[in-house]
There are 2 protein chains.
Amino acid sequence: MKFRNFPMVPRVVYGRGSFDQTSEIIEEKRNKERPFIFLVDKVFKDKELSKNIPLQGKDIIIYIDTTDEPKTKGIDEIRDNLKEEFGIVSGIIGIGGGSVMDAAKAVAIMMNNEGSSTQYQGWDLVKNPAVYHVGIPTISGTGAEVSRTCILTGPERKLGINSDFTPFDQVILDPALTKGVEKNQAFFTGMDCYIHCIESLTGTYLNAFSKSYGEKALDLCQKVYVQKSEWDDESDEDLMMASWHGGMSIAYSQVGIAHAVSYGLSYLLGTHHGVGNCIVFDRLEKYYPEGVKEFKYMVEKNKIEIPQGICKGLSDEQFDIMINVSYGMVPLWENALGKDWQKIMTKEKLRALYEEM
Amino acid sequence: MKFRNFPMVPRVVYGRGSFDQTSEIIEEKRNKERPFIFLVDKVFKDKELSKNIPLQGKDIIIYIDTTDEPKTKGIDEIRDNLKEEFGIVSGIIGIGGGSVMDAAKAVAIMMNNEGSSTQYQGWDLVKNPAVYHVGIPTISGTGAEVSRTCILTGPERKLGINSDFTPFDQVILDPALTKGVEKNQAFFTGMDCYIHCIESLTGTYLNAFSKSYGEKALDLCQKVYVQKSEWDDESDEDLMMASWHGGMSIAYSQVGIAHAVSYGLSYLLGTHHGVGNCIVFDRLEKYYPEGVKEFKYMVEKNKIEIPQGICKGLSDEQFDIMINVSYGMVPLWENALGKDWQKIMTKEKLRALYEEM
């Protein structure tokens, strides 16, 4: 098909306190004795939120350590353990940031698809529908709650499982859950949204559908980070919607250079996606002049320190690994620079860019 | 539940020319020998669009006369005829404006629900899921392509079938289809979007979710009708997205006074929804000062004549009918004026308002 038939999340609840409706919402999807599996960011262990997770029967919580972003091996292990212990589950509920959202989507897919998750990294490789899966974001910006992908790091590549079966069946958007996120993490994640709006809105793939979502997401980011002087409840609400619309804007567009380069950092150095994007975007004034200028203003205003010197002392071989990972992100480069992107961003230029970081 | 678990259209294609993908999209939903039924606005009879409808096997086109907006009786008749001729159908495809969108949604529901459509006018009264149904809008503004309702005029009331089964399973957004709509009709329909943005954004029900969609829809309406000097392809695209986001904004909000009053006109006089809204909104400066001011500017700029004197010579009884229909729209009044709305908009005031029109 010339135009993608985009899968939207078929059910969404929005509201401050809507997390309390989780039990009622998932109950109608409960399959007799089959448990719901809650994948929850480890930071919530022994915290209020974890105590409020409505476990019933054989339901369990699996805490996800997000020190590293999700790996194919970890996803396969969770799936294998669940298969062994329960055979079939009623569903997978992810509660956390982008890493947990992606893990929940990936596990839900792998419960119904054989082999390793590495086999499904790519576009439209998934054969069977995922089990019922619910996303409950606790930090805003990645858009993972609404997107058609879940990014995994495998032995050979960092790449998403992009498929019509990837999006959540249900999303619960409760802005109360994002209150109190650590300041730097909140900023880097929020900037993931800002950066992908800039990349999508200046890209060659854009159409009116994605533009309208991207513009709204950008407006909301600017309201929160540029126009307002203090963070308040409304900021949590606006950024949650920015993340949502930002994720939707990718339907018919693509991210660009910051993401393409940042994937190299993540793959080699394990740099978290949001931080990596900021490290890269900070150096892209030539490609996104207005966006980078505003970005620098937001960094300064929010007193954020962007990590420096992370590529210092890397070997030629290591630089080559990053360059190859980044060069593999063809659609991102094409979106940013057009079909002749390799002439514009030569491997030498890309190496020089990495060396600055 | 405190917060509605909102059903989103699970599949959407956007693109200029995406109408050509209709055949491919619906084919995977075809149920053996069961036909697809295309409900198509009668204005397209013998036109290019009708020739391009991908009929196969027993598929048929039913042309819908939209001189009047859809009536419960008409919906029941279509359902009865389809049941008698085919028993079961593969799906219902609506191609047209708001009236046809609503008719397609209603017929799809009634194919799987017994009795008359009058039984389901209201909130969450539908028992069984609708048959697969697809919306292909050919005029932008109503938001019917994305909403959870389908408005029907019955013997006793004009009221929507509001249910989780109402939204389309698939929407095809092709801005090429809205090219060449008659100027007045295009304006009145576009203003339906503008007016419901103003009503939702100034209403008491609003939250950040609906606000973000409503603001974007309003921005796009203003771009098309206020900022631009000429209508172009981009206007078709932007207004199509305005309609979409405007429809989504109603998820957690409501329309207001113009809609509540306009329902009275439609019920008694058969005034079309978009025209009725404009006739009413034009007189609501006291309630929506900025919106009405901008509306009057758009009317003038686009050289539109708002019908005048439509209530001239009506009897007391007729005024009472309109007042009662309008007074029945409790959520709309509450959204606009708060719980004490009856003290603000007394029946006397409402009568005076109708008399002006």
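We name chains A, B, ... by the order of the sequence lines, and we start the count at 1 in each one.
- Of all heavy-atom pairs between B:Ser212 and A:Met241, the closest is OG-CE, 3.5 Å.
- Counting heavy-atom neighbours within 6.0 Å of A:Lys183 NZ, excluding the residue itself, gives a total above 12.
- The aromatic rings of A:His245 and B:Tyr213 sit perpendicular, their planes meeting at an angle over 60°, well past the 30° parallel limit.
- Interface remark: B:Asp219 contributes side-chain atoms only to the contact with chain A (heavy atom separation under 4.5 Å).
- Salt bridge absent: A:Lys211 and B:Asp238 never bring a charged side-chain N and a carboxylate O closer than 4.0 Å.
- Across all their heavy atoms, B:Gly17 and A:Phe3 have their closest contact at C-CE1, 3.9 Å.
- Checked for salt-bridge contact, A:Arg11 and B:Asp164 meet the test: a charged N lies under 4.0 Å from a carboxylate O.
- Using a 4.5 Å cut-off between heavy atoms, B:Arg4 touches chain A through its backbone atoms (N, CA, C, O) alone.
- Most heavy-atom pairs under 4.5 Å with chain B: of the set A:Val12, A:Ile25, A:Val9, this distinction falls to A:Val12.
- With a 4.5 Å cut-off on non-hydrogen atoms, A:Tyr252 touches chain B through its side chain but not through its backbone.
- With a threshold of 4.5 angstrom between heavy atoms, A:Leu173 approaches chain B through side-chain atoms but not through N, CA, C or O.
- The neighbour count for A:Gln227 CD, taken as heavy atoms of other residues, nucleotides or ligands under 6.0 Å away, is above 12.
- Side-chain atoms of A:Asn5 and B:Gln170 form a donor-acceptor pair, as typed in the model, at a separation below 3.5 Å.
- The environment of A:Lys228 atom NZ is dense: over 12 non-hydrogen atoms of other residues, nucleotides or ligands sit within 6.0 angstrom.
- Of the residues considered (A:Glu237, A:Glu215, A:Gln21), A:Gln21 shows the highest number of contacts with chain B, using heavy-atom pairs under 4.5 Å.
- Proximity to chain A involves both the backbone and the side chain of B:Phe6, based on heavy atoms less than 4.5 angstrom apart.
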